[in-house]
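One structure, pasted below without further comment.
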Amino acid sequence: MSAAPESAAASSKSVQALKNCWGCRMVSGGGLVLSGAYVFNAARRVMRQGGPTSMGTVAQITFAACLAAWGLVILTDPVGKSHRKNPE
């Protein structure tokens, strides 16, 4: 039974390392933003060639916006920044 708290502590350490590691956040957040741009350009290419705007194209653009927003959230790391920190 003592293995469960140790594994929880190990996973908590890795989560804290990701939150504090600026380079890790830059790589993962930037990758998500760029993948959103790639998906958006793929959808725009179909529309520029004169293809009809179908539900699939709309879904691609929506998915691209979600990817880019997720990347921005990782880059800005808003968790815990909305509350004033106590000077204790």
Heavy-atom pair of closest approach, residues Leu32 and Gly71:
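That would be CB-CA, 3.7 Å.
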For the student: nearest non-hydrogen atoms of Gly36 and Ala64, plus distance:
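Smallest interatomic distance, heavy atoms only, reads O-CB, 3.2 Å.
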For Val58, what residues pass the side-chain contact (heavy atoms from CB on, under 4.5 Å) criterion, not counting sequence neighbours?
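Scan of Val58 (side-chain contact (heavy atoms from CB on, under 4.5 Å), adjacent residues dropped) gives Thr53, Thr62.
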As an exercise, state the distance from OG of Ser28 to CH2 of Trp70, rounded to the nearest 0.5 Å.
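The OG atom of Ser28 sits 9.0 Å away from the CH2 atom of Trp70.
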Would you kindly confirm whether Ile61 and Val33 end up in one hydrophobic cluster when ILVMFWY residues are joined by side chain heavy atoms under 4.5 Å apart?
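Not linked; separate clusters.
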Heavy-atom pair with the smallest gap, counting every atom of Leu67 and Ser35
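Minimum heavy-atom separation between Leu67 and Ser35: CD1-OG, 3.8 Å.
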Could you pull out every donor-acceptor pair under 3.5 Å between side chains of residues 37-49 and any protein atom, sequence neighbours left out?
| unit_1 | atom_1 | unit_2 | atom_2 | d |
| --- | --- | --- | --- | --- |
| Asn41 | ND2 | Ala37 | O | 3.4 |

What pairs with Ser54 under side-chain contact (heavy atoms from CB on, under 4.5 Å), at least two apart in sequence or on another chain?
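With sequence neighbours excluded, Ser54 shows a side-chain contact (heavy atoms from CB on, under 4.5 Å) to Thr57, given in chain and number order.
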